[in-house]
Each structure stands twice: as structure tokens, then as C-alpha cells.
Amino acid sequence: MKALIAGSFEAPYARHAPVARDTTALLAEAVVGALADAGLGHGDVDGFGVASFSLGPDRAIDLAWRLGLKVRWIMEDPHGGASALNLLQHAVRAVEAGDAETIVLCAGDHLGRAAFADLVANYNRATAEHLTPLGYAGPNALFALLTQRYCKAHGLTREDLGQIPVAQRAWAARNPGAVYRDPLTIEEYLAAAPVAAPLTRYDCVPVVAGADAIVVTTSDRTSGPAVRVRALRALYNADQQEGDALTTGFAELADDLWTAAGARPEDVQAAFLYDDYPVMALIQAADLGLVPDGDLRRWLHTTVGERSFPLNTSGGQLSAGQAGAAGGMHGLVEAVAQLRGTAGERQVPAAELALVSGYGMVLYRHGSSHNAAILERIA
Amino acid sequence: MNAGFQIAACARCAHAVWPPRSLCPVCGSPDWTTVGAADGVAEERTETTAPDGTAVCLASVRLAAGPVVIARVTDAAPGDPVHLALEAGALVASTVPGPPARA
Ligand SMILES: [Zn+2]
């Protein structure tokens, strides 16, 4: 039996959410919304997966209990920006193997100021022992170093890289769920004060509270358009934190991904790249083959800047916000909406095939985790 | 006390790592020795704000021993040779050999 993604939902992101909209409440909202979007009921669910930094002391089983779910497949993934596609990789196999028939995957966080500071300082042992003692206040500094390195290697300027946040802000204007929707000009982008040079606040994701969910089920249970995972590939510890990160694990997995999907980069109508920082969206585009002639500057100004190719049509995390571990599912939810034709004002015409990526788990110097999927609309 | 910053090196294949790890990523050996790592070259640097609100400069430093590390810098600019020392658990890179780590 083929597994399909039958629905998706994003519990609205908010910069300053009320305390009552805690992590559990947000995840519940996302699960209910995704089931409704899929035309399925609470009683149909027999598999459950979750990613969250702030669910503790509860775990997947406790959340499933709070949601009243009796399941025969359960999974929790702690891998932040790579969690959603990792959950999806396993959920598709589980449904196709008959281990479960309808799996809900959700991701979300509501982190208060103190919880966020603790998460950043103690993200892993390498961070707690070797970065936090330096006066480290989070990954902005590390990605500032990487942005400098990448721009120097490729002769790029802030004006080149700024095409990504400026274009994504224009997409966000059409997304009622994005937290920043006012137009952003390249002049405003260039004039912003550095947070960690060359990064300014426009290069850093706004922290929000929110949650996302999708439903994976058998092809006979879907109603209306659904989404098939044509191929999904992952690579973890690609460079063991020993490389320069100018190319990433995405470059290593790209050929296998496209071959398994039976598609080429020019076949996709939209891409949803993990945009924790503009440079990461650019590196992923380059590594995954979206810049076939290697002319990064032209790609930034024309393909992205003029929005001739739909990239991160929700506004991405840079404009819509990053809800902790939901950052990994945000692009997937947007891709599913685009492929199912439910993206409203920002709907991409004739979206049949899309690329989605997950990236993250900064392990000392840069992200350790890379995964990407080619998704296809099934009418 | 500290004659200079040292890092772990694989006892089997000599691959040097920082931060320390359990098994060598090259050969899988669990056995480690140490190697001097007090010399490097600053590559990129950025000024940011520490959680306590003070300004702090962090840099990538390519060690002569191999690994690229993240260190706090004071006077070093990209391209400068630097000396590394641990100060209260923080790796600090300076263009002049600093005093031994504070007790
Ligand atoms: Zn070894």
C-alpha cells in the first residue's frame, strides 16, 4: 500500500503568544488542524510522531495520551531542523510496511525567554563545554563566520545575499500566518545594524511560538489531492565538523536524491529550503543543484530576487518565524499546501513537484544534519 | 600550569580532533594521546553580544595541528597568526603569547 501525505496544518505562529498556548496546546491545535485538512478523524490515527524542544518532562507517549491517541507506532525525534523529514522518512516506511495506517507527525515549541536561553547554552555537550564558556549567545555568531567564509569564497556581497530575505518578505505579504509581512527593501536590509557582522536581524529568524503537523496515510484513505514522497535522502555528520562547510552533506546526497526521484532540479516548480540563515538557503540551493550554471549572483538577483522561481513561499522562517523544532516542519507544511492547491493568495500555479530540505543540529561549528525530499502532487 | 593548549590525537592514526570525542572519526580507534595545539591562524571573526550583555569577538581559528576551532579573540584579525590558551574553560586566541592560564 502506498503512503501519501493527506493533509497539513500550521497552528498560527506568534511572537508573543499567551502562556496558555503552551507547547502541548499548540501541538494539539496542529494535530486537530492537520486531521481536519486530511478529512480524517481522531479515531483514524494509529501512529504518532513528535519533535519539540520544550515538551519535557513529557515525551511522545505522554503527548499521545494527552491527545487521547491509541497508537501502534510512535516516534520522537530530537533533531530540530532535520526532525520533520527524519520523522517522515520513517512514517512512510511504517505505513507502507503495514505497521500503521494513519500517522500524525507534529512539531512545535513555545519557549519562554529563560527556556530559550537554556536551550541555546546547553544545546549539546560540545556547545555547553566549548562554546558557552566563550560568551556564546547562540548560533548567530557561528553563521556569521560561515557567511563571511562563503561570501569571500564566491565573491558575494551583503546585497547579493539580501535578495533572499527581501524576496521571502514579499512572499510573506501573501501569508496571513507570517509574523513579519511588511515589505522589506534592500536599502532597509543593508542599513540594518549588525547582530554579528555581517548578519543583521533580517538574517536571523524571529523566535515564535507555534506548531506544525502533517498526516501520512494509505492511498485509499485520502480525499482530494495528496502528496507522495518520491524520494527522501539524509546524511548526518557529513563532514564530522572538520570541513569548511562551503559545501555540505546536501552536495553528497543530491545525485542519489534526484536519481531516486526520477527527476532533475529543473523539474520542480517550487523549493522549500531550510532558511535558518540566508547563506544556508543559498548553500542548499547550490548543493542540491538548483543553480545549474553555478552563477550564484545571477541566481540570487534573478531567480530569487525577481521571484521567477518560488522559494520559501510562506516567507520562510526568516519572515514567518521559527517555532523551535517546528522549523524543520514549516517548509514541509508549506510544500504540502502548495502541492495540494490550498496555499491561498500565494498559490504557485501548476505545482506538481517540489523540493523540501531539513538542516540543523549545530554541532560546534555548523549544522550536522541534512535531509531532503522530492514531493509530488497526486490528484 | 598550562604549558599550552593541547587537543586529542588518535593513538592509532594521529588524526587530531577538537572538541574531544570517543572514537576517532577516521579509523574508529578509542585510544587517544594529546598533541600541542597552541598555534593557529585566525580566519574569520565577528563581534557579537554575550548573554551578559558585554561585547565579545568570536573567530574561526585554523590550528597548525589540524582542526578549526571557535575561540574568543581580542586583537587578532583574519590572517593573523595566533596563540591559543584555555582561560577558565574558554579558548582564547591572541596575537601575542599570553600569560599561562589564570589559576
Ligand atoms: Zn584514528
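Atoms considered below: every heavy atom in the structure, side chains included; atoms not considered: hydrogens, waters and symmetry mates. A note on names: the letters A, B, ... follow the listed sequences, proteins ahead of strands, and every chain is numbered from 1. All values derive from a computational prediction rather than experimental measurement.
At most 12 heavy atoms of other shown residues, nucleotides or ligands fall within 6.0 angstrom of atom CZ in A/F116. The environment of A/R125 atom CZ is sparse: at most 12 non-hydrogen atoms of other residues, nucleotides or ligands sit within 6.0 angstrom. Residue A/R298 places its CZ atom among more than 12 non-hydrogen atoms of other residues, nucleotides or ligands, all under 6.0 Å distant.
Between chain A and the options B/V68, B/L58, B/V92, B/D52, heavy-atom pairs under 4.5 Å are most frequent for B/V68. Your options are A/Q241, A/H130, A/E129, and the one with the most heavy-atom pairs under 4.5 Å with chain B is A/H130.
Atom OG1 of B/T48 is separated from atom CG of A/L142 by 9.5 Å, given to the nearest 0.5 angstrom. Between atom CG of residue A/D244 and atom CZ of residue B/R62 there is a gap of 7.0 Å, rounded to the nearest 0.5 Å. Of the inter-residue distances, the one linking B/T46 atom OG1 with A/L146 atom CG reads 12.0 Å to the nearest 0.5 angstrom.
Heavy atoms closer than 4.5 Å to chain A are found in both the backbone and the side chain of B/V69. If you measure heavy-atom distances from B/S60 to chain A, the contacts under 4.5 Å come from both the backbone and the side chain. Looking at A/A197, the atoms closer than 4.5 Å to chain B (heavy atoms on both sides) sit in the backbone and in the side chain alike. In this structure, chain A has a heavy atom under 4.5 Å from the side chain of B/V56, while its backbone stays farther away. In this structure, chain B has no heavy atom under 4.5 Å from any part of A/L199.
Contact check for A/K152 versus B/E44: no side-chain heavy atoms found under the 4.5 Å cut-off. Between B/I70 and A/L145 there is a side-chain heavy-atom pair separated by less than 4.5 Å. Using a 4.5 Å heavy-atom threshold, the side chains of B/P67 and A/E242 count as separate.
A/G135 and B/R72 get closest at one heavy-atom pair: N-NH1, 4.5 Å.
Residues A/Q148 and B/R45 bring no donor and acceptor atom of their side chains to less than 3.5 Å of each other.
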